[in-house]
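We name chains A, B, ... by the order of the sequence lines, and we start the count at 1 in each one.
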2 protein chains.
Amino acid sequence: MLSNACQYAIRSILYLGMCSDEKHKVGVKTISEELEVPQPFLAKLLQQLNKSHLVTSTKGPYGGFYLSDENKEKTVWDIILVIDGTDKFSQCFLGLSKCGDDNPCPVHFTVSAFKNKIFKDFKDKTVAQFVEEIKEKGRYISLKKFDVLGAASD
Amino acid sequence: MLSNACQYAIRSILYLGMCSDEKHKVGVKTISEELEVPQPFLAKLLQQLNKSHLVTSTKGPYGGFYLSDENKEKTVWDIILVIDGTDKFSQCFLGLSKCGDDNPCPVHFTVSAFKNKIFKDFKDKTVAQFVEEIKEKGRYISLKKFDVLGAASD
DNA sequence: ATATAAAAAGATATTTTTATCCTAAATTAA
DNA sequence: TTAATTTAGGATAAAAATATCTTTTTATAT
């Protein structure tokens, strides 16, 4: 449903939301190792996310990526829009061109119930709110469980 | 979530379940037109489905594809297994390698609830049962609504 | 038997996605 | 101002998915 690129993007941004701020930028190398994703590919991706104002970067020593306050107000849906576009999500699970509530395929309502549920999270919650929830509930976005996080301090 | 190939395969088989039997075989051309799917690609796919005993075919004039009684006892999950394999379905929505009930990503439970629901349909119901339901509920698998179907009669 | 119709088989082509590499630009610290 | 570090940009490569084409085989009706 989501491309690799989009999964990487979401996880990177949530990771940066957990572990970075303007004073503690994180480099591609660290992110790629933490998330176990290919480094050069992720570099390109972060470049694109930067251009789309979903992450912020600075070059040079002590440079790297972080989320600005503006970045944190974006939603996961914004990320999906930039990387994958909206198409895959709006399409019928079985690929029917005219599937809809009034014209349902055999699995339409099962799928649309799911979509509505996940849309709610992806569209309504900001990245900041997502990050809060990850901390509260102790969810995983890398190999680490982030309720015990001390990674951003040094 | 499902590849084009897999969507085509499922829809083809449901279509054959609706419109064909041993006495009324359907050719690739007809199926591809009905489902709005590229013809040569579908031909390859049906070949593969035949080898996997999910559809039956005969060559020559009046030949074509249909579902044998044996074919009708297969499940949609069987189709998915043959075309896409099981991997995509078992993977975490965000691509986390170790996501699970005891190690959940931020959307794990939303996604797993959906998977359980759709698995139930895909694994428990036979193609024949699916076809019955499509007829009863008037669901769509091509451009046609199949509760008014007369396509298999001549 | 022969012509015909349809799937099977094998080869190839195109597109998309994923991934990598190399050089340039910018920033920082010394 | 220079060396080091890190992102940006552009080009390229590899893999997978999607799609097409051509020839062969099989079955049918006449």
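Comparing A:Pro61 and A:Asn4 along DNA chain C, the residue whose closest nucleotide (by nearest heavy atom) sits nearer the 5' end is A:Asn4. Map A:Ala5 and B:Gly60 each onto its nearest nucleotide of DNA chain C; the residue landing nearer the 5' end is B:Gly60.
Under a cutoff of 6.0 Å and an axis angle of 45°, B:Lys123 and B:Phe119 form a cation-pi pair.
Residues of residues 64-72 of chain A that place a heavy atom closer than 4.0 Å to DNA chain D, in numerical order, are A:Gly64, A:Phe65. A heavy atom closer than 4.0 Å to some atom of DNA chain D occurs in A:Lys44, A:Gln47, these being the qualifying members of residues 37-47 of chain A.
At least one donor-acceptor pair under 3.5 Å links the side chain of A:Gln129 to the backbone N or O of A:Thr126. Proximity of a side-chain donor or acceptor of A:Lys115 to a complementary backbone N or O of A:Phe89 within less than 3.5 Å is detected.
Atom-to-atom, NZ of B:Lys51 to C1' of C:dA9 comes out at 8 Å; the value is rounded to the nearest Å. In this structure, CG of B:Leu49 is placed 16 Å from C1' of C:dA9, rounded to the nearest angstrom. The distance from atom NZ of B:Lys88 to atom P of C:dT18 is 10 Å, rounded to the nearest whole Å.
Here chain A contacts DNA chain D (any atom closer than 4.0 Å to a heavy atom, that is under 4.0 Å), and the contacts span D:dA4 to D:dA11 from 5' to 3'.
Within the 4.5 Å cutoff, the side chain of A:Leu46 has heavy atoms near those of the A:Ile31 side chain.
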Assess whether side chain to side chain contact (heavy atoms under 4.5 Å, CB included) is satisfied between B:Ser12 and B:Leu42, documenting all intermediate values. CA-CA 9 Å; B:Ser12 295; B:Leu42 184 62; 3.3 Å; yes
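Between the CG atom of A:Leu67 and the OG atom of A:Ser20 there is a distance of 5.0 Å, given to the nearest 0.5 Å.
Nearest approach of B:Arg11 to A:Gly95, heavy atoms of both residues: NH1-O, 3.5 Å. When every heavy atom of B:Glu70 is checked against every heavy atom of B:His53, the shortest pair comes out as OE2-CB, 4.1 Å. The heavy-atom pair separating A:Lys25 from A:Tyr62 by the smallest distance is CD-O, 3.6 Å.
The same ILVMFWY cluster, assembled from side-chain heavy atoms under 4.5 Å apart, contains both B:Phe41 and B:Ile141.
At the phosphate of C:dA19, OP1 or OP2 sits under 4.0 Å from a side-chain N or O atom of A:Tyr8.
Of the residues B:Thr75, B:Val76, B:Thr86, the one that meets the side-chain contact (heavy atoms from CB on, under 4.5 Å) test with B:Leu81 is B:Thr86.
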